[in-house]
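All remarks here apply to the structure that follows.
Lettering follows sequence order; numbering is per chain, from 1. Keep in mind that the numbers below use all heavy atoms, side chains included, and drop hydrogens, waters and symmetry copies.
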Number of protein chains: 2
Amino acid sequence: MGISKIDKMHSLSKNQQIIFDLIDKSPEPLKAYTILFNVQKKGIKAPLQVYRALDKLVEIGKIHKIESRNAFIACHNSSCQVAKATAFSICEICEKVTEISSAGLSKYLANFKDKDGMKYSKYNLEFFGLCKKCR
Amino acid sequence: MGISKIDKMHSLSKNQQIIFDLIDKSPEPLKAYTILFNVQKKGIKAPLQVYRALDKLVEIGKIHKIESRNAFIACHNSSCQVAKATAFSICEICEKVTEISSAGLSKYLANFKDKDGMKYSKYNLEFFGLCKKCR
DNA sequence: TTATAAATGTTATATTATTACATAGTGTTA
DNA sequence: TAACACTATGTAATAATATAACATTTATAA
Ligand SMILES: [Zn+2]
Ligand SMILES: [Zn+2]
Ligand SMILES: [Zn+2]
Ligand SMILES: [Zn+2]
C-alpha cells in the first residue's frame with residue numbers, strides 16, 4: 001500500500017492526524033470523550049477540538065461513526081473512501097464492531113429503490129448479533 | 001384495524017400511552033426532550049419518565065429510534081412488530097423520515113451472510129437522500 | 001503580497017441520557 | 001385474602017454527548 005492519490009488529496013492537519021492515529025490503532029470504536037482523554041497529553045484540551053477533527057475525518061472517509069454507539073472506527077475498506085455507504089456488524093455482547101465489505105451488499109443497496117422509485121447513494125447499515133467468540 | 005392479538009399482549013401503561021400517542025400523531029420524528037416538553041401538561045415532568053417509556057415502546061416495536069437523528073417515530077409497518085429489522089429513508093434537507101417496507105429488502109438483509117458466514121436477524125438501515133419535494 | 005479558506009484555541013453552554021433510590025400499581029399464586 | 005414477583009412511576013442529581021460564539025493562527029493559492 002503506497003501513498004495513493006486520495007491520501008495526498010486529504011493530507012491531515014495536526015489535530016486530525018493525532019486523532020486519526022489513535023482511532024486507527026484502536027481495536028475497538030472510540031467515543032469522543034475517550035479520545036479527548038487520550039489526546040490531552042498531546043495538547044488537545046477541549047471537546048470541540050476533537051469533534052472538529054472527527055467531523056473532518058468522517059467527511060473524507062478516513063473514519064466512520066457507529067451511530068448506535070456514538071463511537072468512531074477507522075475505515076479499512078479501500079472501496080469506501082467516501083463516507084457515504086457503510087455497513088457494520090456489531091456484537092451485542094462484547095461490542096466488537098467490524099466493517100462489512102461485500103460487493104454484493106453494496107451493489108444491492110446502491111441499486112435499491114423505494115416505493116416512489118427513489119434511489120439512495122448514501123446509507124448506513126448496522127447489523128447486530130453475536131460474534132464468533134460470544135456465540 | 002381492530003384490536004389485534006399483539007396489541008392486547010402489550011397494553012400500554014399510562015405514561016407509555018401518552019408518549020406513544022404523541023409520537024404516533026406527529027408527522028415527523030420526535031426527540032426525547034421535545035416529547036418531554038409536550039407532555040409536561042399531562043404530568044410527565046422528568047426526562048427519565050420519557051426515556052423509560054421510549055425504551056419500552058422501542059422494545060415492543062411500537063416505535064423505532066432513528067439513530068442518526070436521536071429521534072423516535074411510530075411504526076406503521078405491521079410486519080415489524082418486533083423492533084429488530086428496520087429501514088428508513090431520510091431527507092437530508094427537510095429531515096422527512098419514512099419507514100421502508102420492502103419484502104425484497106427485508107429478505108435480502110435477513111439472509112445476508114458476512115465473510116464468516118454469520119447471519120444477522122437484527123439490523124438497522126438508514127438511507128439518505130432528497131425527498132420528492134426537496135429534489 | 002494579498003486574499004481566501006481551513007484549522008486552531010478557548011470558554012461557555014446546549015442536548016441527550018443514565019444512576020440511584022424511594023414508592024406505587026398490577027397480576028399471579030398460596 | 002395475603003404474599004410475592006414484576007412492572008411502572010416519581011424525583012433529584014449527575015453523566016455523557018455535542019454545539020455556539022468569538023478570537024486567532026496557519027495553509028493555500030491567485
Ligand atoms: Zn469504510
Ligand atoms: Zn462478541
Ligand atoms: Zn416498523
Ligand atoms: Zn425533503
query = Between E95(A) and R69(A), is there a salt bridge with N-O shorter than 4.0 Å?
reply = yes

task = Please check if any side-chain donor atom of D114(B) sits under 3.5 Å from a side-chain acceptor atom of S89(A), or the reverse.
result = no

remark   = Closest to the 5' end of DNA chain C, once L48(B) and K31(B) are matched to their nearest nucleotides, is K31(B)

ask   = Between N70(A) and A53(A), who's closer to the 5' end of DNA chain C by nearest nucleotide?
value =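 Counting from the 5' end, the first nearest nucleotide belongs to A53(A).
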
task = Evaluate the side-chain proximity of L125(A) to I100(A): yes if any heavy-atom separation is below 4.5 Å, no if none is.
result =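 I100(A) vs L125(A): side chains apart.
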
task = Tell me which nucleotide among dT18(C), dA7(C), dG9(C) gets nearest to the side chain of R52(A).
result =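 The answer is dG9(C).
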
Common cluster, Y108(B)/Y120(B), ILVMFWY with side-chain heavy-atom separation under 4.5 Å = yes

Expressed in angstrom and rounded to an integer, what is the separation of [X] atom [atom1] from [N] atom [atom2]?
X	N	atom1	atom2	answer
I35(B)	dA17(C)	CD1	P	10 Å
F37(B)	dT15(C)	CZ	P	13 Å
N15(B)	dA24(C)	CG	C1'	13 Å
E67(A)	dT16(C)	CD	P	13 Å
K42(A)	dG9(C)	NZ	C1'	19 Å
L54(B)	dT16(C)	CG	C1'	12 Å
L36(B)	dT15(C)	CG	C1'	12 Å

request  = Apply side-chain contact (heavy atoms from CB on, under 4.5 Å) to S68(A) and I90(A), showing your working.
outcome  = CA-CA 10 Å; S68(A) 67; I90(A) 303 172; 3.7 Å; yes

Smallest separation among heavy atoms of F20(A) and A74(A), with atom names =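 Shortest heavy-atom separation between F20(A) and A74(A) comes out as CE1-CB, 4.2 Å.
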
ask   = Under a criterion of less than 4.0 angstrom to any heavy atom of chain B, what are the 5'-terminal and 3'-terminal contacting nucleotides of DNA chain D?
value = dA8(D) to dA12(D)

task = Classify the angle between the aromatic ring planes of F127(B) and Y123(A) as parallel (below 30°), tilted (30 to 60°) or perpendicular (above 60°).
result = perpendicular

Phosphate contact ([N] OP1 or OP2) by [X] side-chain N/O below 4.0 Å:
X	N	value
Q49(A)	dA7(C)	no
K56(A)	dA7(C)	yes
K65(B)	dA17(C)	yes

message = When you measure only distances, ignoring hydrogens and angles, does the side chain of Y33(B) come within 3.5 Å of the base of dA17(C) through a donor and an acceptor?
response = yes

